[in-house]
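Below: one structure, written as structure tokens.
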Amino acid sequence: MPANIITADDLKEFKEKLVSEIKELLNNYNRITIDKWIKSNIVMKKLGISPGTLQNFRINETIPFSKLGGIIYYDEEEIDEILKNNKNFFLKNRNDSRYI
């Protein structure tokens with residue numbers, strides 16, 4: 001069985017990779033817990049919609065939300081997912097004169 005010799009440079013390289021991976025995990029963890037919830041004004045700006053339209057989306061359950069102390073929060077990932085799931089709407093209906 002061949003012996004593997006680990007040098008100081010190998011350990012240094014291993015340390016740098018390990019630190020890099022831990023930083024990436026922490027960045028993703030912080031993003032999930034801190035940046036996950038956004039307020040109405042950010043949702044309106046992101047979607048380019050009015051307060052009334054956003055309210056209609058809440059009423060007809062198009063966009064899920066949470067209300068805490070009178071402030072409404074939206075899960076940014078869910079909004080992105082809704083956009084992704086509906087992005088082909090006009091492509092699917094492009095031959096329908098109602099959507100041209």
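Any value given below was found using the heavy atoms of this structure, including those in side chains, with hydrogens, waters and symmetry copies removed. Since we're looking at a predicted model, the values are computed, not measured.
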Is [Y] close to [X] at the side-chain level, that is, under 4.5 Å between some pair of heavy atoms?
X	Y	answer
Leu47	Ile79	yes
Ser50	Met44	no
Val19	Lys23	yes

Tell me, with the steps shown, if Glu21 and Lys17 meet salt bridge (Lys or Arg N to Asp or Glu O under 4.0 Å).
CA-CA 6 Å; Glu21 288 182 20; Lys17 284 183 181 178; over 6 Å; no
Which residues pass the side chain to side chain contact (heavy atoms under 4.5 Å, CB included) test with Asn4, not counting sequence neighbours?
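Once residues adjacent in sequence are excluded, Asn4 has no partner under the side chain to side chain contact (heavy atoms under 4.5 Å, CB included) criterion.
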Those residues at least two apart in sequence (or on a different chain) that pass side chain to side chain contact (heavy atoms under 4.5 Å, CB included) with Asp75 are Lys36, Trp37, Glu77, Glu78
Handout entry: Whether over 12 other heavy atoms sit under 6.0 Å from Lys39 NZ
Key = no
Distance-only donor-acceptor pairs under 3.5 Å for side chains of residues 65-74, two or more places apart:
unit_1 : atom_1 : unit_2 : atom_2 : d
Tyr74  : OH     : Ser40  : OG     : 3.3
Tyr74  : OH     : Arg58  : NH1    : 2.7

Query raised in the report: For the side chain of Asp10 and the backbone of Ile6, is there at least one donor-acceptor N/O pair under 3.5 Å apart?
Result: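 Absent.
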The reported gap from CG in Leu18 to CD1 in Ile22 (rounded to nearest 0.5 angstrom) is 4.0 Å
Handout entry: side chain to side chain contact (heavy atoms under 4.5 Å, CB included) evaluation trace for Asp9 with Glu13
Key = CA-CA 6 Å; Asp9 289 338; Glu13 182 180 335; over 6 Å; no
Notebook entry, point to check: Do we see a donor-acceptor contact under 3.5 Å between the side chains of Thr62 and Asn60?
Noted result: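 Note: Thr62 and Asn60 side chains meet the donor-acceptor criterion.
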